[in-house]
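Heads up, the thing below is written out as structure tokens.
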Amino acid sequence: FIFSLMIPFIYRYTKKLTGWIVAIYSLLLMLYFGSFVGAVSSGDVFNVHHSWVPSLNVDFSFLLDGLSLVFSLLITGVGALVFAYANSYLPNDDKKPRFYLFMLIFMSSMLGLVLSENLLTMFVFWELTSISSYMLIGYYHEKDVARKSALQALLITAGGGLALLAGI
């Protein structure tokens, strides 16, 4: 998420290389997660806890096990490919850094979702995924079809979020 905030500054100085920089960043994340393959294959599980509301004993908790590792590798690998492809596919205009920003937020939200250890963390990242997918689908917001599709996706994912909240 922090790296996504730097996208406008990176684009200001690198222009056409921004997509490649973000693709390399995603690839480095994939290699980072790949470094856990041996340990996770032998049965190790990694936990990270960040205190969120200490008075209620609520933590942001993340877990890396076999299933979350597979999805983390998939998310970062596909993300790297999308950034590399988008660099040459999208037109060179001032909207391009916004796509990189939304895509990186979406990728980060998906990583948070698959790495979540508790239901509260999972719900927060589900909602972030919903919002960021809305922004991605509505990237060409000046087109009616993009706005309509983005709203439809937001309603469906918000409905899923409400169902998830009811289940929690």
Report yes if the side chains of [X] and [Y] come closer than 4.5 Å at any heavy-atom pair, otherwise no.
X      : Y      : result
Phe62  : Asn47  : no
Ile10  : Thr14  : yes
Ser72  : Leu115 : yes
Glu117 : His49  : yes
Val53  : Phe60  : no
Met103 : Leu136 : yes
Val58  : Leu120 : yes
Trp52  : Val124 : yes

Shortest non-hydrogen contact from [X] toward [Y]:
X      : Y      : value
Leu101 : Leu5   : CD1-N, 4.3 Å
Ser4   : Ile105 : OG-CG1, 3.6 Å
Leu63  : Ser68  : O-OG, 3.2 Å
Ser26  : Met107 : OG-CE, 3.4 Å
Ser109 : Thr129 : CB-OG1, 3.3 Å
Asn87  : Lys16  : OD1-O, 2.9 Å

Establish whether [X] and [Y] are linked, either directly or via other cluster members, by ILVMFWY side-chain heavy-atom contacts under 4.5 Å.
X      : Y      : value
Tyr11  : Leu104 : no
Leu29  : Leu31  : no
Leu74  : Met110 : yes
Leu28  : Met6   : no
Tyr139 : Leu81  : no

Say you draw a straight line from [atom1] of [X] to [atom2] of [Y]; how long is it, rounded to the nearest 0.5 Å?
X      : Y      : atom1 : atom2 : answer
Glu127 : Thr157 : CD    : OG1   : 7.5 Å
Arg147 : Gln152 : CZ    : CD    : 15.0 Å
Trp126 : Ile168 : CH2   : CD1   : 11.0 Å
Ile137 : Phe102 : CD1   : CZ    : 12.5 Å

message: As a quick check of understanding, evaluate side chain to side chain contact (heavy atoms under 4.5 Å, CB included) for Val40 and Val45, giving each step before the final call.
response: CA-CA 6 Å; Val40 170; Val45 175; over 6 Å; no

- prompt: Which one of Ile21, Thr18, Val82 satisfies the side-chain contact (heavy atoms from CB on, under 4.5 Å) criterion with Tyr100?
  reply: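 So, applying the side-chain contact (heavy atoms from CB on, under 4.5 Å) to Tyr100 and each of Ile21, Thr18, Val82, only Thr18 qualifies.
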
message: Just to verify, which of Phe106, Phe125, Phe1, Phe33 counts as forming a side-chain contact (heavy atoms from CB on, under 4.5 Å) with Leu111?
response: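 Filter result, single survivor: Phe33.
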
- request: Measure the acute angle between the ring planes of Tyr25 and Phe3, then classify it against the limits of 30° and 60° as parallel, tilted or perpendicular.
  value: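 Rings of Tyr25 and Phe3: parallel, as their planes differ by under 30°.
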
task: Give the ring-plane orientation class for Tyr89 versus Tyr85, where under 30° counts as parallel, over 60° as perpendicular and anything between as tilted.
output: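 Rings of Tyr89 and Tyr85: parallel, under 30°.
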
Phe71 CZ: over 12 foreign heavy atoms closer than 6.0 Å: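 Atom CZ in Phe71 is not packed in, count stays at 12 or less.
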
Backbone of Ser130 reached by a side-chain donor or acceptor of Ser133 within 3.5 Å: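 Such a contact is found between Ser133 side chain and Ser130 backbone.
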
query: Counting distance only, does the side-chain N/O of Asn118 pair as donor-acceptor with the main-chain N or O of Asp59 below 3.5 Å?
result: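 Indeed, once roles are kept as given, a pair shorter than 3.5 Å links the two residues.
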
query: Taking the six-membered ring for Trp, are Phe46 and Phe36 ring centroids under 6.0 Å apart?
result: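 Ring-ring flag for Phe46/Phe36: true, centres closer than 6.0 Å.
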
message: Evaluate Val37 against Leu69 for side chain to side chain contact (heavy atoms under 4.5 Å, CB included), listing each step before the verdict.
response: CA-CA 8 Å; Val37 168; Leu69 178 61; 3.9 Å; yes

